[in-house]
Undergrad: 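Following this message is one structure expressed as structure tokens.
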Number of protein chains: 2
Amino acid sequence: MSVEFDQILLVPGYRKVAAAITARILSRELREGDRLPSETELARQFGVNRSTVREALRELESGGLLERRPGSKLMTVSRPQHRAIAKDVGRALALHDVTFFEVWEALTQLEPPMAEIAARNRTTADLESLVAACQRFADENAETEKAVHHAAEFFRCVGRATHNQVLGLAQEPLLGLLEPSLRVMIDKVPQARSRIAVAERRIHEAIGKRETEAARTWMARHIRDFRKGYELADIEFDRRVG
Amino acid sequence: MSVEFDQILLVPGYRKVAAAITARILSRELREGDRLPSETELARQFGVNRSTVREALRELESGGLLERRPGSKLMTVSRPQHRAIAKDVGRALALHDVTFFEVWEALTQLEPPMAEIAARNRTTADLESLVAACQRFADENAETEKAVHHAAEFFRCVGRATHNQVLGLAQEPLLGLLEPSLRVMIDKVPQARSRIAVAERRIHEAIGKRETEAARTWMARHIRDFRKGYELADIEFDRRVG
DNA sequence: GATGGCCTGATTGTCGGACAATCATACGAT
DNA sequence: ATCGTATGATTGTCCGACAATCAGGCCATC
């Protein structure tokens, strides 16, 4: 007869403290903008040393659950912003040796439906920011850095226009990986800038007129163009990003 | 004439240390499995106190870049695992008051293409684990908890079968949110279990025969069924998840 | 030779106390 | 009302300390 014991795990104090505060935030007892007690006070309440509290705070801080308003020492509860989350995800993907192809394939699947949904759900304000983003790309695409940034920003506007936070967030890490990919391609392909500008215009026009099918189609074409760009720039498709 | 100064930001030491180590990991100087020097040694190298190093380590640890093999004190470099990342993302979405509908809509857009890609790229091993997951759901769905878990696990198998890490990771937070949604629905809808079982079988059969269109279609139906389930269970669609 | 016991040094988790720099706020001077 | 100043609170960093645990070597036992 074989006796087996469960692994006994001893959780360090700083993680217990972090878990306790996290639970309070998730249960909404602590709401966004609420100020956390001082470190000394927390140490007193939890009955641990201030150093232990500080280690716990670093965990929450890097998870985005706490933040400090610029130029202030007080820590306030915050909802993790999409960009911050995306940074972590993008980093993870880069470390997993994600290839250009994988990023492109994901964009292929994700973006056209998003354009369609955006065409259905966009508000007037969405449309305005979409047009503005398109305009910014058209106006300031001389510097590689600005061009890349504005191209990604256009996608973000589409994402917001879907009014679906899940889709918006799912897209974000992709854009984080698209930027470096685009950076190495855009200057090698002379016609890239104009093609992007045209595609963006078609897309925002379709979204503006609520033409769902047209929006999807032009977005699909837009993404296909990226692939062509990579081929023209002679970038191997199984090269890893980042 | 207006003079404007950039905001001067003083970065605390623990964040500089964290950034320095992170950079080493992202540049692959530190590779997965490498053991980090001891805290005392790091403190010596960076010329800061051990407490400062520890706060930095907590940041990296919660970001998944460092981990401790169970029952060991040594910290080793690690690539953030998908599940860990997804936990953060799911938490963020929950705090942003994501609704059932948003999760469902995202699944609607994401899963059918994934099934199609899986049908194209799956290996024999993928198919085996897919069949096994399907079987596990069919066999052990009496307990709510197990049923929910196995249902999500089936999606994960499909995700792995796509051989696209980006898609697999994008899907993960959705599953994290699907589980609680499914948990409140599955026991209220008598026919839910059998419908899920049937859909899973159709999907894995299509993937097995590499019938891309059939895989997509059945997956789409599978997701549509979830929506019907919510309606039957009388769950308001704009209720927030979590 | 394999196993287990024992010792030693290294490492982590936690603690207490300390201090400079900065922030928040109230008070007073101009 | 605006600007300085004083005061207390808070954070960032440091130092030193110690128990608990881990890693590895040594040795006796079987």
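Naming convention: chains lettered A, B, ... in sequence-line order (proteins, then strands); numbering from 1 in each chain. What you see below is based on every heavy atom in this structure, not just the backbone, and it leaves out hydrogens, waters and symmetry mates.
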Undergrad: For the side chain of S51(B), counting heavy atoms from C-beta on, which of dC14(D), dT10(D), dG12(D) is nearest?
TA: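 Looking only at heavy atoms from C-beta outward on S51(B), the closest nucleotide is dC14(D).
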Undergrad: Aromatic rings F100(B) and Y230(B): how do their planes relate, parallel, tilted or perpendicular, breaks at 30° and 60°?
TA: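 Rings of F100(B) and Y230(B): tilted, as their planes differ by 30° to 60°.
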Undergrad: Indicate whether OP1 or OP2 belonging to dT14(C) is found under 4.0 Å from a side-chain N or O atom of N49(A).
TA: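 No, no such contact exists.
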Undergrad: Would you tell me if any nitrogen or oxygen in the side chain of R54(B) comes within less than 4.0 Å of OP1 or OP2 on dT12(C)?
TA: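 False: R54(B) side-chain N/O out of range (4.0 Å or more) of dT12(C) OP1/OP2.
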Undergrad: Between R44(A) (CZ) and dT14(C) (P), how many Å, whole number?
TA: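 Going from CZ in R44(A) over to P in dT14(C) covers 20 Å.
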Undergrad: Would you mind reading off the distance between E39(B) atom CD and dC14(D) atom P, rounded to a whole angstrom?
TA: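 Rounded to the whole Å, the gap is 14 Å.
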Undergrad: Nearest whole Å is fine: how far is dG13(C) C1' from E59(A) CD?
TA: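 One finds 13 Å between C1' of dG13(C) and CD of E59(A), rounded.
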Undergrad: If you apply the rule side-chain contact (heavy atoms from CB on, under 4.5 Å), what do you find for E59(B) with E61(A), and how did you get there?
TA: CA-CA 8 Å; E59(B) 284 209 22; E61(A) 196 179 25; 4.2 Å; yes
Undergrad: Check whether any side-chain N or O of Y14(B) sits under 4.0 Å from OP1 or OP2 of dT13(D), and answer yes or no.
TA: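 For dT13(D), OP1/OP2 do not have a side-chain N/O of Y14(B) under 4.0 Å.
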Undergrad: Starting at atom CG of L66(B), determine the distance to atom P of dT12(C), rounded to an integer number of angstrom.
TA: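 Atom-to-atom, L66(B) to dT12(C), this comes out as 11 Å.
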Undergrad: Salt bridge or not for E172(A) and K87(A), using N-O below 4.0 Å?
TA: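 Result for this pair is no, no salt bridge flagged.
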Undergrad: Nearest to the side chain of P12(A), heavy atoms from C-beta on, is which of dG13(C), dT12(C), dT13(D)?
TA: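 Of the candidates, dG13(C) comes closest.
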Undergrad: Without decimals, in angstroms, what is the distance between F46(A) CZ and dT14(C) P?
TA: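 After rounding, the reported distance stands at 13 Å.
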Undergrad: How long is the line joining CG of L57(B) and C1' of dT14(C), in whole Å?
TA: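 Taking atom C1' of dT14(C) as the reference, CG of L57(B) is at 15 Å.
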Undergrad: Check this for me, if you would: do D139(A) and K146(A) make a salt bridge, where the nitrogen-to-carboxylate-oxygen distance has to be below 4.0 angstrom?
TA: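 Salt bridge: no.
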Undergrad: Please report, rounded to the nearest Å, how far the P atom of dT13(D) is from the CD atom of E55(B).
TA: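 Answer to the nearest Å: 7 Å.
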Undergrad: Specify the separation, in whole Å, of atom CZ of R58(A) and atom C1' of dT13(D).
TA: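 From R58(A) CZ to dT13(D) C1': 12 Å.
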Undergrad: Give a yes or no on whether a donor-acceptor pair under 3.5 Å exists between the nucleobase atoms of dT14(C), that is its base, and the side chain of R50(B).
TA: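 Donor-acceptor pair under 3.5 Å: yes.
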Undergrad: Please determine whether a side-chain nitrogen of the Lys or Arg among E153(B) and R136(B) lies less than 4.0 Å from a carboxylate oxygen of the Asp or Glu.
TA: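 Judged by the 4.0 Å cut-off on N to carboxylate O distance, E153(B) and R136(B) do not form a salt bridge.
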Undergrad: Can you tell me if T52(A) touches the phosphate of dC15(C), counting only side-chain N or O atoms and a distance under 4.0 Å to OP1 or OP2?
TA: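 It does, given that an N or O in the side chain of T52(A) lies less than 4.0 Å from OP1 or OP2 of dC15(C).
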